[in-house]
Amino acid sequence: MSRYSAAEIEARWQEAWDKAEVFKAERDPSRPKYYVLEMFPYPSGKLHMGHVRNYTMGDVIARYKLSTGHNVLHPMGFDAFGMPAENAAMAIGGHPKTWTYDNIDQMVEQMKPLGLSLDWSRMFATCDPEYYGQQQSLFLDFLQEGLVYRKNAVVNWDPVDMTVLANEQVEGGRGWRSGALVERKELTQWFFKISDMADELLEALDGLDNWPAKVKLMQANWIGKSRGLQFAFERVDGGEAISVYTTRPDTLNGASFVGISPDHPIAKAMEGDAAVDAFLAEARAGGTTEEAIETAEKLGFDTGIKVKHPLTGEELPVWIANFILMDYGTGAIFACPAHDQRDLDFCRKYDLPVIDTFFALDNDTPVSKEAFVPAKTEKVRWVDHFAGLDVATGEEAINITIDKAEAEGWGEGVTKFRLRDWGLSRQRYWGCPIPVVHCDACGVVPEKKENLPVELPDDVSFDQPGNPLDRHPTWRDCACPACGKPAKRETDTMDTFVDSSWYFARFTAPRAKTPTEAADAEYWMNVDQYIGGVEHAILHLLYARFFARAMNICGHLPESAKEPFDALFTQGMVTHAIFKTEGADGRPVYHYPEEVELKGDKAVLSDGREVEVIPSAKMSKSKNNVVNPLHIIEAFGADTARWFVLSDSPPERDVEWTAAGAEASHKHLSRVYRIASELDADAKGSPEADEQLLRETHKAVHDVTMGVESFGFNAAIAKLYGFTNTVAKSKASGAAKREAAKTLAQLMSPMTPHLAEAVWEMLGGEGLCTLAPWPVADAAMLVEDNVTLPVQVNGKRRGEITVPKDMDKAEVEKLALAEEGVMRALDGNAPKKVIVVPGRIVNVVA
RNA sequence: GCCCAAGUGGUGGAAUGGUAGACGCGUCGGAUUCAAAAUCCGAUUCCUUAACGGGAGUGUGGGUUCAAGUCCCACCUUGGGCACCA
């Protein structure tokens, strides 16, 4: 008997797969294709358990589909542009390019031992000029189609470092390096016209049947379609009327002021006045995130301008308010403090009137500190409504108000979207250069396609803040592609979301001289199964959906690929306990898992000190709770790591990595190996046991297949534990047991492919287990003749009866009422009602 | 602040509205062993009972239903996202 040696087995079978090129994907119209894709990683240089979990899930699907006769495309690449490379260059010197490519090499080296069924020949990184050159080509096509344009937008500005900051570089309203108070500053930037497709992107969500409902809901809310009323407030001084958009026109009677954004033209026109400037500076302080704006203290400035209420003719003041966004609606609102908490807080602060426009049906206390904001579907009682309403829901009132405004001609019902255009300009080096040139004579001129890729220069330094492209001595200078005169290259690069918005399409023809190759895109698209973290639920997935449409317009993707991901699965994180003690200075000290010993329910250090255990925390370098997959592979093998990340939690939820769990997984795999190696094929058994084992095998095939197909990997693994026990304990003949064990190997193959091959070979399986056709369960073998039904009395289980599976309801009822526990519970009383759910349950109502 | 999830034994978790706790870990007991490791067998929600039983129980409080972990309402806690982290 040999022992289970993962290291030996895994190296051997990986070599065998390589040699047979089993994972190389080639177009083959004679076979159905299947495209599995996991969200590609950022090359941090360190593979973590989250990656292992993500790729293992994809691998299970890919290997399963391979054995069901599909031509599988399962590629891998790297999302390689972005800030960390520049930060590394600043922190430790060196060049973002070398840092990135070194990291990619390291990650590939760390991924290979996992035995993933990847077609490595298709690998690319988004920072390869070959890739980003094609991206520039796409940009030019989008530009030509009018899908890209320039406008002003605000950025986080660090006034000390004189540089633009990413949101994550703003900490508590200050720049992370300089510590300066961050301001919002306007810059001219490039935008994708995603808002043109807002309605389509929303409508098409309905067709994404195999996407998680929560992701679709988040996207729908993000797109934020709303119907409201747009109308204008006439200015008392005769100036240009102020147009406002509101989703609650029914509360117009409760208006107490008109609010405009600090970026509204009227506010801008007032700049130069010392008081206005001071206020605007204050209002523009802080970062650009919606969170920062929403949670900032509400500030207002009375412009002194008065407008007329369109219905009552009453005069309302116009205030500049820091919480009004210029990007949404018209950048101006009317405030109804009685029914909006934000407006109420503002009015209380600046002593503006609060007017109730409706009350709850059973309560007419005027609003004081809390705004009354019922659901739009709730009936409320209106106070002197201008459309003559008495009791009506908000929804009804809104529609009636819009109709009235349109009939009387002072406003119109309009549909607006919350979705803003996608700003793609980044004032950074390590990204895809935007292929345009600024010419004094010709303006903004697209680079010629034959000059692509516009490559990033290598000779740059990161010893000062800001974009090195801006201060590059020669790269910036060029000839205008239109007139040939000296011109300046655009120094902004593209958002890295652009890179990840079409990589899935590029994988279908990664070396093509155009962004895609029609025949390949036609054959391989769509991605049949996309797998990644929920953190990408909105932005990445929305941008990719936009890109697929834009690429279709430009002829780079077929119409059928406008929704590029047929099915989406969002997996949870891998977490790990944090082991914490307190240092002498009272600050927390975090210990590595290896330093900590678990004794019962306590955790102690080697010196005996007790350690606080914080469970289920996101793995984080600073908390010392990161588990390195390489260490696990060294100690137990890749199959153990793969088995564990799949076994312990449902895939969509977080899984906590525990040393005990990893050991248990390894123990189980060793057991399977031992069972196979100790199997005596000549052993005799009973025909009944053979029959029973065969039934159990078919049941296992059915259950595991269902589990794999429905992403119930943990459930599939639970079945495999059960089936392993069944095989081990079966009294069937050696020959029957060998067949069952071979099926066990096949069923385990997607999860633990190396072990499966070893067992398969040991039991005389033909060829590679990986390529063996997936077993099919015989429906006839799954049905049992008898079923055991629990019998409840008033919903409480009092006994059970075993009956033939298609027994008549009346017969079942009779047997149930005769059951001992049921009779005891009924205590001689006649049942009021008996509910028989065939094959399920009997409930007696007493 | 806004949007979206999730909360079940000591523990990770299972459960088309139909026996709550499958399967794994841990713990306890037993077998094997000179002894141990490994392995194998069994028990394991809590309270109560000698036992048969009985009662309670899926974050909290309500509701719908013959039947609720599952559906509805409100709340609490934790996690994800909020447009320049990827």
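Within every chain, numbering begins at 1; the chains are lettered A, B, ... in the order of the sequence lines, protein sequences first and strands thereafter.
Residue contacts shown for A:Val834 are absent, as no nucleic acid heavy atom lies under 4.0 Å away. If you check every strand for non-hydrogen atoms under 4.0 Å, A:Gly722 touches nothing. Within the nucleic acid shown, A:Thr496 comes within 4.0 Å of sugar-phosphate atoms alone, with no base atom in reach, counting heavy atoms only. Among the atoms of the strands shown, none is found under 4.0 Å from any heavy atom of A:Gln219. Residue contacts shown for A:Ser425 include a base, since a base heavy atom lies under 4.0 Å away. If you check every strand for non-hydrogen atoms under 4.0 Å, A:Trp422 touches nothing. Within 4.0 Å of A:Gly423, counting heavy atoms only, lie sugar-phosphate atoms of the nucleic acid but no base atom. When heavy atoms are screened at a 4.0 angstrom cut-off, A:Arg342 is found touching no nucleic acid atom at all. Contact annotation for A:Val845: backbone-only contact, meaning every heavy-atom pair under 4.0 Å involves sugar-phosphate atoms and none involves a base. As judged by a 4.0 angstrom heavy-atom cut-off over every strand, A:Pro41 is placed among residues making no nucleic acid contact.
If you check B:rG42 for Watson-Crick or wobble pairing at under 3.5 angstrom, you find it paired to B:rC28. Base pairing analysis places B:rU33 opposite nothing; no Watson-Crick or G-U wobble pair with both distances below 3.5 Å involves it. Pair check for B:rA6 finds B:rU77; Watson-Crick or G-U wobble, both atom distances under 3.5 Å.
Here A:Phe81 and A:Tyr132 bring their ring centres to under 6.0 angstrom of each other.
Distances shorter than 4.0 Å separate some side-chain N or O of A:Lys729 from OP1 or OP2 on B:rC41. At least one side-chain nitrogen or oxygen of A:Lys796 sits closer than 4.0 Å to the OP1 or OP2 atom of B:rA56.
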Exercise. Can A:Leu541 and A:Trp211 be said to form a side-chain contact (heavy atoms from CB on, under 4.5 Å), step by step?
Worked result: CA-CA 11 Å; A:Leu541 288 165; A:Trp211 278 43; 4.2 Å; yes

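A heavy-atom distance below 4.5 Å is found between the side chains of A:Arg428 and A:Met83.
For the side-chain hydrogen bond (donor to acceptor under 3.5 Å, both in side chains) criterion with A:Arg426, the lone passing option out of A:Asp495, A:Asn467, A:Thr493 is A:Asp495. Partner A:Trp157 forms a side-chain contact (heavy atoms from CB on, under 4.5 Å) with one of A:Glu186, A:Arg184, A:Arg284, A:Lys185 and no other, that one being A:Lys185.
Within a 6.0 Å sphere centred on NZ of A:Lys699, other residues, nucleotides and ligands contribute 12 heavy atoms or fewer.
For A:Lys151 and A:Phe191, the positive end sits near the middle of the six-membered ring, less than 6.0 Å away and at most 45° from its axis.
Judged by atom type and distance alone, A:Asn843 reaches the base of B:rC66 through a side-chain donor-acceptor pair under 3.5 Å.
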Listed pairs, N/O of protein and of nucleotides 71-77 of chain B, under 3.5 Å:
none

